[in-house]
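Written out below as structure tokens is the structure these notes cover.
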Amino acid sequence: MGQTLTEKIIANHLVVGEMVKGQEIGIRIDQTLTQDSTGTMAYLQFEAMEVPRVKTKKSLAYIDHNMLQEGPENMDDHRYIQSVTKKHGVYFSKPGNGICHQVQIERFGVPGDTLVGSDSHTPTGGGIGMLAIGAGGLDVAVAMAGDPYYIIMPKVVQVELTGKLRTGVSSKDVILEVLRQCTVKGGVNKVFEYTGPGVKTLTVPERATITNMGAELGATTSIFPSDEMTEKFLKAQGRQGDFKVFSADADAVYDEIVKVDLSTLEPLTACPHSPDKVVKVSEIEGMPVNQVAIGSCTNSSWLDLMKVAKIMKGKTIAENVSFVIAPGSKQVLTMLAENGALADLLNAGARILECGCGPCIGMGQAPCTDAVSLRTFNRNFFGRSGTPSADVYLLSPETAAVSALAGVLTNPLGKVELSDIEMPNEFLLNDTMVMEPAPEGTEVEVIKGPNIKPFPETKPLQKEVAGKALIVVEDNITTDHIMPSNAKLLPYRSNIPYLSNYCLTPCDAEFPQRAIDNGGGFIVGGSNYGQGSSREHAALAPVYLGIKGVAVKSFARIHKNNLINNGILPLEFVNEADYDTIALNDELAIEDALSAVKAGEAKLINKTKGLTYTMKIEVSERQKEMLIAGGLINLIKSKK
Ligand code: MIC
Ligand code: SF4
């Protein structure tokens, strides 16, 4: 029986376990990446492991999220990351060099290799045939130390692409269509593997848009084969040597199939406030628009911005629109500057931001009250733009550009002519913003500014775990709810005590104080709890507030791992209807938590209601040890 591409790469990297779907396996990691807003914690944790040098083939640290620098905190973080990476053998990409995923695919990704990154959009690397997975900072620190990265052996979904996209329809519409079909919780513990004759019609940046936003499915990752298109891209990046063909066997067997006919696809948009609330642009066309934002790791490639520049050339944006562009990398921006496309954008009225995440993570460019904001980004979770009353629609660069000109949401189909925009044979190569680590490192001093506080300490699991239901939240709570990020909070990513004052406040402003007043307790939630970002802060802030268990209908993959890594019990209702019987401040308890963890099942007693709920603790033997030790760092220390 033939193998899928996913299975082939896993087989090449398997170090622990067997490739049995649903079971935990450990894989060898070739590359790691961090970005600044998760990176400070990851490097503090790496330092705590006392491993002198990273053991991967290549590890990289990017500065791309926290770049507003309103106070010293951001640059203090940059300095810390620059010095700690130099010491321990990690390459450092300076602020301004670009968004981690964009630069990684341009300059460093290798087909067939594995990559773990402390950012949920690490699967962008699947666009060149890498098995690229997003994880919490601690898991990345462990991978840097040379230990395996653990995943549940995934099911593999075949996404069969047929036909060819029409001009005006883009790869963004492909992933929006997959999200429409599969939803934000449809991908947990699955890899989405793209196959079929449509694959060869998509360039690497187009593929990367799709694999990037596969994160919104909750998937472990998404991947395209490495083929002639990949070779062309790597050659144009001066990296022909990194090319190798990788694809699934013709008789590979998949667990599920999703079909997308590129020829009949139409421009789509994800409506507020979820990436899977997808409708055809034509269905809501004509809606007045206040802001159009182009960029983010999903759609900020040279190809994307060239298309936008072509559409804007010689025209001016509508009076009612603020039009902002954050190019994905220095390579992209410099090439646009050199070929004149940047001038076309500026002439049309574009506000050009530096190369980074910017408005995608609420670092500036918050839209006006009650705004309609059209964004080429990948997430439109409630409040993420920095304006809680704003409605954010996710869509393609083509749709964004024609709408910026018209001032109303506009369907680009039949309105744009882009046939002369093709991938360049040579990209502009200049890696001077990537610093090499010191050859030895022992002499390098690590600089920690005053905002860099130690990560919270966790305690071994107690026999009885008891406390109140400190909050009860609904389905699809995102990490943007649990640990909001915006221009005011992102500078404090190295300061958990400060951040914890904002934990879950978009759901309930009183939650942090209630948690402190009660000496901790439980969080109760619905399904897909913790979707979105990989930020470990969504576990670390609850640790700081004394949260002992999170009882939900189901978890998103990365967040569940982050809870376990930090010693918080992940509890899932066996009978989902039990969720409805828990109210705020109900007294909850697990009488013998140690036995419950070992058995993989707990009896959660609701003392207030006189009810007992059966909860799954679906974790591996390795994770049981972690929960009992009170988290991974404690476990590592106890084994030294
Ligand atoms: C995001 O897009 O939500 C982020 C900000 O990039 C996060 C990482 C973070 O919270 O720092 C992610 O995707 O993991
Ligand atoms: Fe940055 Fe946005 Fe991409 Fe996250 S999704 S890495 S914030 S550009």
Side-chain angles (χ1 to χ4, degrees), residues 29-49 51-67 69 73-110 115-122 124-125 132-146 149 297 328-330 354-357 361 431-439 441 444-449 451-452 455 490-491 493-494 533-537:
I29 296 302
D30 299 313
Q31 297 192 349
T32 62
L33 74 77
T34 58
Q35 41 87 342
D36 47 331
S37 63
T38 54
T40 47
M41 279 298 148
Y43 293 109
L44 286 171
Q45 288 155 334
F46 182 78
E47 283 187 293
M49 289 174 201
V51 176
R53 300 284 281 186
V54 294
K55 295 186 181 153
T56 46
K57 283 194 204 164
K58 193 158 223 164
S59 285
L60 292 118
Y62 295 90
I63 306 292
D64 53 3
H65 283 62
N66 271 319
M67 303 204 300
Q69 297 178 215
E73 292 84 7
N74 289 165
M75 197 170 165
D76 278 356
D77 283 357
H78 304 172
R79 266 203 317 177
Y80 166 60
I81 295 177
Q82 182 160 10
S83 58
V84 77
T85 52
K86 186 169 184 177
K87 187 175 185 73
H88 294 291
V90 178
Y91 287 76
F92 177 75
S93 168
K94 290 182 102 172
N97 196 41
I99 307 175
C100 53
H101 311 302
Q102 176 68 26
V103 179
Q104 183 79 12
I105 205 161
E106 287 170 356
R107 306 300 309 138
F108 302 107
V110 177
L115 165 70
V116 168
S118 63
D119 191 280
S120 65
H121 290 106
T122 303
T124 316
I133 307 178
L138 182 50
D139 282 329
V140 177
V142 168
M144 286 193 283
Y149 175 65
C297 53
S329 69
K330 183 171 73 99
E354 64 178 320
C355 306
C357 302
I361 189 58
D431 291 328
T432 49
M433 299 273 275
V434 180
M435 309 289 116
E436 288 201 9
V444 178
E445 187 201 345
V446 176
I447 307 166
K448 285 197 183 108
N451 183 44
I452 299 180
F455 50 87
L490 217 52
R493 280 297 186 90
S494 320
S533 154
S534 67
R535 67 189 69 139
E536 214 174 3
H537 307 73

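- Side chains of Met435 and Asn97 form no contact here, defined as non-hydrogen atoms less than 4.5 Å apart.
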Legend entry - Criterion side-chain contact (heavy atoms from CB on, under 4.5 Å) on Ile81 and Thr40, from CA distance to verdict: CA-CA 6 Å; Ile81 295 177; Thr40 47; 3.9 Å; yes
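- For the atom pair Gln35 CD and Ile99 CD1, the distance stands at 11.0 Å (nearest 0.5 Å).
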Legend entry - Verdict with supporting geometry, His65 and Asp119, side-chain contact (heavy atoms from CB on, under 4.5 Å): CA-CA 11 Å; His65 283 62; Asp119 191 280; 3.5 Å; yes
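- Without hydrogens or angle criteria, His101 side chain to Gly328 main chain gives no donor-acceptor distance under 3.5 Å.
- The CE atom of Met433 sits 10.5 Å away from the OG atom of Ser329 when rounded to the nearest 0.5 Å.
- Looking at Val90 and Pro437, their side chains never come closer than 4.5 Å, going by heavy atoms from C-beta outward.
- Note that OG1 of Thr32 is 7.5 Å distant from CG of Leu115, once rounded to the nearest 0.5 Å.
- Using a distance-only test at 3.5 Å, with no hydrogens or angles considered, no donor-acceptor pair links the side chain of Asp64 to the main chain of Gly356.
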Inset, instruction - Please assess Asp36 against His78 for the test side-chain contact (heavy atoms from CB on, under 4.5 Å), listing each intermediate value before the final yes or no. - result: CA-CA 7 Å; Asp36 47 331; His78 304 172; 4.0 Å; yes
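- Remark: Lys87 NZ to Ile447 CD1 distance equals 11.5 Å, nearest 0.5 Å.
- In this view, Gln104 and Gln31, Tyr62 satisfy the side-chain hydrogen bond (donor to acceptor under 3.5 Å, both in side chains) rule, not counting sequence neighbours.
- Contact between Met144 and Ser59 at its shortest, heavy atoms only, is CG-OG, 3.9 Å.
- A donor-acceptor pair is defined here as one N or O able to donate and one able to accept, closer than 3.5 Å; no such pair exists between the side chain of Asn66 and the backbone of Asn74.
- Cation-pi geometry between Lys58 and Tyr91 is met: the NZ or CZ atom falls under 6.0 Å from the ring centre, inside 45° of the normal.
- Remark: the backbone N or O of Ala48 is not paired with any side-chain donor or acceptor of Gln45 at under 3.5 angstrom.
- Of the candidates Gln82, Glu436, Lys86, Phe92 forms a side chain to side chain contact (heavy atoms under 4.5 Å, CB included) with just one, namely Gln82.
- In terms of modelled atom types and a separation under 3.5 Å, the side chain of Asn451 and the main chain of Pro491 share a donor-acceptor contact.
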Legend entry - Working for side-chain contact (heavy atoms from CB on, under 4.5 Å), residues Arg493 and Met41: CA-CA 8 Å; Arg493 280 297 186 90; Met41 279 298 148; over 6 Å; no
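- Relative orientation of the His88 and Phe46 rings is perpendicular, given thresholds of 30° and 60° on the angle between their planes.
- In this structure the side chain of Ile133 never reaches within 4.5 angstrom of the side chain of Thr122, judged on heavy atoms.
- By the salt bridge (Lys or Arg N to Asp or Glu O under 4.0 Å) test, Lys55 pairs with no residue at all, sequence neighbours left out.
- Residues Arg107 and Asp431 have side chains in contact (heavy-atom distance under 4.5 Å, counting atoms from C-beta outward).
- Taking 4.5 Å as the limit, some side-chain heavy atom of Ser534 sits within range of a side-chain heavy atom of Thr38.
- Using a 4.5 Å heavy-atom threshold, the side chains of Lys57 and Val110 count as separate.
- Using a 4.5 Å heavy-atom cutoff, the side chains of Ile452 and Asp77 are in contact.
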